[in-house]
Amino acid sequence: MHCVRKVNEDIYYVGGCDRRLELFENVYPIPNGITYNSYLIMDEKKVLMDTVDRSIGQQFLENIECVLGNETLDYLVIQHMEPDHCSMAANLLQRYPALKIVGNAQIKKMLNHFFELNLDNYLEVKENDTLNIGRHTLKFISAPMVHWPEVMMTYDETDKILFSADAFGSFGTMNGNLFDDEVNFKNEWLSEARRYYTNIVGKYGPQVLNVLKKASTLDIQLIAPLHGPLHRSDIGWYVEKYQKWASYEPEEKGVMIVYGSVYGNTENAANVLANELSLRGVSNIKVYDVSKTHPSYLVSEAFRCSHLVMASITYNSGIFVNMEHLLHDLKAHNLQNRTVGLIENGSWACTAGKQMKEFFEGMKNMHVLEEKVTMTSSLKEAQQKEIETFADALVQSMGEN
Ligand code: FEO
């Protein structure tokens with residue numbers, strides 16, 4: 001049966017959710033599933049904004065049939081040709097042979113690479129081109145690398161809606177509620193929206209800032225992304241989050257302590273440090289086991305926190321394997337502007353600290369504290385002063401930020 005919702009008087013939500021998929025992009029755990037959003041505009045011309053992943057294709061086709069009734073589909077706007085959003089294009093071309101696909105030149109090229117569609121009817125648009133479909137006028141805005149090079153967004157000049165492609169999206173499925181003011185977005189969705197942004201688009205901060213600059217000239221009453229809830233309340237608050245994430249500024253003053261521990265001794269040092277920080281008045285502290293927490297959560301937390309403490313054993317003469325993976329992930333996502341403290345452990349030839357320091361020095365604007373803690377197999381009572389000095393240095397640097 002169809003499962004659609006009205007977005008406004010003539011725009012319908014025809015996407016859906018997938019709660020079965022374990023890993024988005026075969027990388028990122030999605031315990032709460034994912035939505036693939038698609039919007040059907042029932043104007044004089046019937047216009048579909050993107051399709052969905054084929055995993056929910058049947059639901060999607062039923063939704064479209066229900067809303068269209070006896071009408072036909074005139075245009076399919078493809079803003080982002082990644083298959084989670086356009087894998088149903090071929091099915092639509094089959095059902096609606098006169099359908100025109102609307103997109104930019106890069107989208108056309110990449111569609112052919114993936115799907116070999118018949119694109120004789122392709123309507124190629126470029127930056128600031130408009131398409132009048134009756135009551136609505138759609139304006140196209142290029143958004144390269146948010147998240148792929150071909151991406152464009154669409155601004156509905158009539159209803160002041162920004163169809164934002166992947167931007168402003170989130171992991172997680174809606175549960176009937178469609179809009180941010182129908183859910184507790186700040187408490188229940190923000191962490192997954194952050195994890196989605198930082199892992200999927202985080203590397204491309206400068207490009208995101210470019211698009212935010214363009215968007216700042218628009219009167220936006222509703223943001224309609226390709227994943228997660230639609231935003232119509234407190235849009236400025238959410239845009240501000242994007243400004244922070246895209247400029248690699250810490251979102252909050254806080255400490256993320258990540259440890260890689262085999263026998264629990266490096267974990268102990270992480271806990272002792274967390275206690276010392278708390279005694280010094282730090283309240284925003286999170287401690288994670290790098291072997292237990294998926295790196296996507298840690299990348300997201302690193303974008304949130306101003307201070308990172310990495311505690312690693314020395315392993316195969318290097319950094320603990322899962323810690324090394326995380327460091328590569330942080331670098332790949334272009335993380336910058338953080339203060340880093342290091343705890344190292346080694347039963348013989350302890351080198352993890354030196355190697356982690358060199359790693360962070362290869363990243364942009366990462367300030368590694370001179371003070372560090374070195375352990376030989378376990379943290380000893382005699383090292384109380386050493387850990388206190390380390391905690392003092394961290395707290396002092398927090399005051400300086
Ligand atoms: Fe949701 Fe970049 O695809």
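Note that ligands are numbered from 1 as they come in the structure, with each ligand's atoms numbered from 1 the same way. Predicted model, so just to flag it, every value in this text is computed and none were measured. Residues take their numbers from the sequence shown, with the count starting at 1.
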Centroid separation Tyr39 to Tyr12 less than 6.0 Å: no

Short side-chain to backbone donor-acceptor contact, Asn365 and Arg338, under 3.5 Å: no

Test side chain to side chain donor-acceptor pair (under 3.5 Å) applied to His2 and Glu65, step by step: CA-CA 8 Å; His2 70 272; Glu65 269 176 26; over 6 Å; no

Rounded distance [0.5 Å steps], CG in Asp18 versus CZ in Arg54: 13.0 Å

Protein N/O/S atoms closer than 2.8 Å to atom 1 (Fe) of ligand 1: Asp84 OD2, His85 NE2, Asp166 OD1, His227 NE2

Salt bridge (Lys or Arg N to Asp or Glu O under 4.0 Å) evaluation trace for Lys214 with Glu127: CA-CA 11 Å; Lys214 289 189 213 176; Glu127 176 85 336; 2.9 Å; yes

Axial cation check for Tyr297 ring with Arg195, 6.0 Å and 45° limits: yes

